[in-house]
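Below, chain A is the first sequence line, B the second, and so on; all start at residue 1.
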Amino acid sequence: MSNLDTLNNRQREAALAVEGPVLILAGAGSGKTRVLVHRISYMIEDCGIQPWNILAITFTNKAAGEMRERVDRIIGNGADSVWVATFHSTCVRILRRHIDLLGYDTDFTIYDTDDQKTVMKGILKRLNIDSKQFKEKTCLNTISNAKNELIDPVEFAKNCVGDYKLERIAVVYTEYQKTLKESNALDFDDIIMLTVRLFKEYPQVLENYQNRFRYIMVDEYQDTNTAQFELIRLLAAKYQNLCVVGDDDQSIYKFRGANISNILDFEKEYPQALVVKLEQNYRSTQYILDAANSVISNNSYRKSKSLWTDRGDGNKVHFRQFENAFEEADYIAGDARKSINSGEFEAGDCAVLYRTNAQSRLLEEAFVRIGIPYNIVGGVNFYSRKEIKDILAYLKVINNAVDPIAVKRIINIPKRGIGVASINKVEDYCSANGFSFFEGLKMADEIPGLGKAAVKIEGFVNMIRVFRSKIDTYGLKGLVEDILETTGYIEELRESEEDDAEDRIANIEELISKIVDYEDDHEEASLTAFLEEVALVSDIDNIEDEKNRVMLMTVHAAKGLEFGKVYMAGMEDGVFPGSMAIYDEDPSEIEEERRLAYVGITRAKDDLTLCYAKQRMLRGETQYNAPSRFIREIPDAYMDNKPAKRKEPVVMQDDSFREAKKMFAAKAYTTSTPMTLKRPNTTPEDKRPFIGQGINSLRASAGIQKGMPAKGKPDYEVGDRVRHMKFGDGTVINIDKEPTDYKVTVDFEKSGRKVMYAAFAKLRKI
DNA sequence: CGTACTAGTCTTTTT
DNA sequence: GACTAGTACG
């Protein structure tokens with residue numbers, strides 16, 4: 001029997017309501033995943049519901065994985081028959097079985113945003129559309145919005161009669177959709193939209209899934225868009241056993257099509273719905289919750305709800321004010337170090353949250369300078385990196401040659417003398433004679449005007465053919481290694497003299513180890529399945545929480561996570577809320593930012609610091625901003641410090657910013673000088689996350705990736721023999737105590753005399 | 001065909 | 001300020 005005793009009354013009420021529509025309004029930190037998992041367990045073990053009749057849908061792979069794990073743990077038999085998956089992977093699985101009904105092939109590929117851009121670029125060119133007036137991004141955005149609202153090209157065209165701009169976009173949309181279909185490709189929005197279309201056009205298919213999924217649960221329901229709402233509505237239509245869980249106050253993905261009305265109007269769609277509010281928060285102390293409540297209460301479009309806790313008052317919210325963003329970053333890193341060194345918090349319990357990724361740079365530099373291990377989440381997705389996309393493009397071509405985007409990407413990488421001119425000739429020939437791009441390549445010798453390029457193209461086609469024929473004999477890993485070998489990809493990188501070549505090679509190695517992991521985990525590790533998995537994962541899914549490091553990330557990325565100590569950086573009008581929202585006529589933009597602030601505040605368990613910098617560089621310009629209105633919405637009584645009263649606008653000499661920067665730069669230099677001499681080897685166990693841009697060498701050289709600085713005195717003394725990972729054996733010449741660390745001078749037998757910091761050098765006494 | 005420079009762009013981004 | 005895409009040249 002399942003054990004519901006550990007739930008509070010509200011939670012239990014939600015878990016027991018198995019039949020009919022249920023809306024669970026789950027405040028931040030109110031234990032909603034617990035409720036969902038117990039609910040599933042109750043359904044199976046007490047109500048005799050078959051596990052395969054249960055569908056639990058989430059947004060991220062990470063959330064799905066966590067739920068899967070908890071379901072497995074709590075339920076003995078049949079747990080793996082419960083379908084726990086993301087919207088997209090659920091729909092992909094359905095489409096792989098039935099999409100032929102819609103005229104696609106079941107081995108379709110999935111285009112990411114980069115691929116979409118490439119397609120769009122081609123279309124704008126082909127249609128002779130002025131790409132200044134119609135930017136590809138705008139077009140893609142409009143199309144995406146349309147798809148999220150389930151508007152197909154035909155309907156779109158109907159709706160926009162009279163509006164010249166939209167009429168043009170309607171043509172673009174039509175062409176875009178046609179191109180994707182010819183390439184047997186779907187974009188992310190298609191995955192949902194086409195599933196809905198499938199269900200609407202083929203009621204017998206829908207009914208099949210309705211019978212299969214008699215009990216449906218949706219997590220983070222506030223983030224669903226219209227298409228996802230419709231998908232769920234259809235699936236639940238027959239049995240009406242639909243339980244949605246969410247928090248309208250945490251709806252922060254409007255810009256991606258999320259429709260907050262889905263949760264706010266749930267009761268209109270399902271008048272008989274049971275509504276349960278979970279307001280007891282198990283995460284934060286009272287001051288933090290009070291601050292969160294007082295901010296969010298300024299929103300008008302919401303369901304009223306007030307979080308409470310029995311954890312006690314805790315610390316007041318800290319407010320800190322700085323002259324500029326450098327000081328802010330320096331303070332945060334220094335304060336984090338203080339808490340870590342005093343034992344109050346572990347590095348992994350601390351997080352720094354910011355509105356935009358651009359803010360991460362200064363913070364990162366500060367953490368390097370101060371010597372605290374950190375991890376940056378986000379930035380460029382691992383699978384979006386050039387070198388990774390190149391390799392994946394090879395795999396895609398080998399897997400599905402119909403995909404011209406992938407073929408064009410790699411046909412001249414590494415350079416093999418097939419340039420744009422030749423490709424255009426092939427394309428023209430193909431479109432004139434009705435061949436697909438790859439078909440055209442296969443008969444390059446028949447295409448007039450290609451000249452020498454024809455032989456080269458032939459070579460390329462043959463190479464792909466050979467890869468394809470060997471695929472069954474040597475597996476995915478072997479295939480990738482063969483590709484790297486045959487094409488000379490790595491050699492070209494190594495010889496390119498680009499300073500990030502090493503990082504790129506490391507990324508490729510990382511990809512290979514991901515492939516090995518994948519092959520170990522899946523008995524039938526087909527190329528199609530691997531590519532699909534890769535297309536549907538994001539960075540946030542890969543946060544390694546076992547590593548004890550301070551986390552730096554955007555507030556968006558922090559949703560669903562919690563930390564003992566949280567810093568929110570850049571709490572300024574113009575940054576957070578962003579200027580776009582401030583100047584927008586539509587007040588809902590500010591409300592969205594406010595929800596974002598609410599999400600940030602409620603990540604903190606015990607300690608929250610809000611930071612404000614009077615001056616900061618934004619898009620290359622120095623700006624002077626007022627403290628965030630969200631800070632001013634928190635009553636003084638909840639904070640240890642108040643924002644200074646607004647006097648005259650702070651005007652500073654423009655130089656002061658540069659001065660400050662120089663000062664800090666100098667500081668950074670002295671601290672890291674001994675380390676920047678050489679880059680450490682990239683050892684296989686050094687499983688770095690994704691390697692960012694320019695700061696890598698700084699990062700790596702400070703030893704940040706390799707663990708915590710030692711707090712105490714080193715266990716060796718002057719005259720002792722020590723061993724260094726890279727420099728080998730040597731004798732300690734000198735040990736200097738510095739305010740933050742011990743500076744050690746060692747004479748290495750092979751590498752000569754080096755000065756290094758004890759915390760990073762990891763010298764072992766021998 | 002490949003490279004080097006210049007102009008434009010710039011929130012957030014579960015999939 | 002930083003990155004990318006597009007273009008002019010060698």
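- Gly578(A) comes within 4.0 angstrom of nothing in the nucleic acid, heavy atoms only.
- Here the side chain of Lys121(A) is nearest to one of dG6(C), dC1(B), dT12(B), namely dG6(C).
- Remark: Asn357(A) is not in phosphate contact with dT11(B), judged by side-chain N or O atoms under 4.0 Å from OP1 or OP2.
- Put simply, NZ on Lys456(A) is 8 Å from P on dC1(B), counting in whole angstrom units.
- Residues Lys559(A) and Gly419(A) each lie close to DNA chain B; by heavy-atom proximity, the contact nearer the 5' end of the strand is made by Gly419(A).
- Taking only side-chain atoms of Asn61(A), from C-beta outward, the nucleotide of dT15(B), dC1(B), dT13(B) with the closest atom is dT15(B).
- For Phe188(A), the side-chain atoms get nearest to dT15(B) when compared with the rest of dT15(B), dT12(B), dC1(B).
- Within 4.0 Å (heavy atoms only), Lys135(A) reaches sugar-phosphate atoms of the nucleic acid but no base atom.
- Between Glu589(A) and Ala535(A), it is Glu589(A) whose nearest contact on DNA chain B lies nearer the 5' terminus.
- Checking the phosphate oxygens (OP1, OP2) of dG2(B), a side-chain nitrogen or oxygen of Asn412(A) falls inside 4.0 Å.
- In this structure, Lys415(A) reaches the dT3(B) phosphate: one of its side-chain N or O atoms is under 4.0 Å from OP1 or OP2.
- In this structure, the CD atom of Glu621(A) is 15 Å from the P atom of dC10(B), given to the nearest Å.
- Look at Ser579(A) and you won't find any side-chain N or O under 4.0 angstrom from OP1 or OP2 of dT11(B).
- Applying the 3.5 Å distance criterion, the base of dT11(B) shares no donor-acceptor pair with the side chain of Arg355(A).
- Taking atom CZ of Arg595(A) as the reference point, atom P of dT14(B) lies 18 Å away to the nearest angstrom.
- Aromatic rings of His98(A) and Tyr209(A) (six-membered ring for Trp) have centroids within the 6.0 Å cut-off, being under it.
- Comparing dG1(C), dC1(B), dT14(B) against the side chain of Asp223(A) picks out dT14(B) as the nearest.
- A 4.5 Å side-chain heavy-atom check between Lys559(A) and Asp223(A) finds at least one atom pair inside the cut-off.
- Of the charged side-chain nitrogens involved, none lies within less than 4.0 Å of a carboxylate oxygen, so that Arg594(A) and Glu591(A) do not count as a salt-bridged pair.
- At a threshold of 4.0 angstrom between heavy atoms, the contacts of Glu593(A) include nucleobase atoms, whether or not backbone atoms are also involved.
- Spacing between atom CZ of Phe255(A) and atom C1' of dT14(B) amounts to 9 Å, rounded to whole angstrom units.
- For dT13(B), the OP1/OP2 oxygens have no side-chain nitrogen or oxygen of Thr113(A) closer than 4.0 Å.
- Of the charged side-chain nitrogens involved, none lies within less than 4.0 Å of a carboxylate oxygen, so that Asp403(A) and Lys408(A) do not count as a salt-bridged pair.
- Among the protein residues, Gly417(A) comes within range of the sugar-phosphate backbone only, with heavy atoms under 4.0 Å from sugar or phosphate atoms but none that close to a base.
- Side-chain atoms of Tyr253(A) lie closest to dT14(B) of the nucleotides dT15(B), dG1(C), dT14(B).
- Between the CD atom of Glu136(A) and the P atom of dT4(C) there is a distance of 14 Å, rounded to whole Å.
- Rounded to a whole Å, the CZ atom of Arg619(A) is 12 Å from the C1' atom of dG1(C).
- Glu589(A) has a carboxylate O that lies under 4.0 Å from a charged side-chain N of Lys254(A), or vice versa, which qualifies the two as a salt bridge.
- When rounded to the nearest whole Å, the span between CD of Glu532(A) and P of dT15(B) equals 14 Å.
- For Asp584(A) and dT11(B), the CG to P distance is 15 Å, given to the nearest whole Å.
- Using the six-membered ring where Trp is involved, Phe59(A) and Phe87(A) have ring planes that are tilted, between 30° and 60° apart.
- Nearest to the side chain of Met580(A), among dT14(B), dT11(B), dG2(B), sits dT11(B).
- With hydrogens and angles left out, the side-chain atoms of Asp248(A) and Gln222(A) include no donor and acceptor closer than 3.5 Å.
- Stacking is not found between Phe59(A) and the pyrimidine-like six-membered ring of the dT15(B) base under the 5.5 Å centre-distance and 30° plane-angle cut-offs.
- Across all strands shown, Ala258(A) has no heavy atoms under 4.0 Å from either base or sugar-phosphate atoms.
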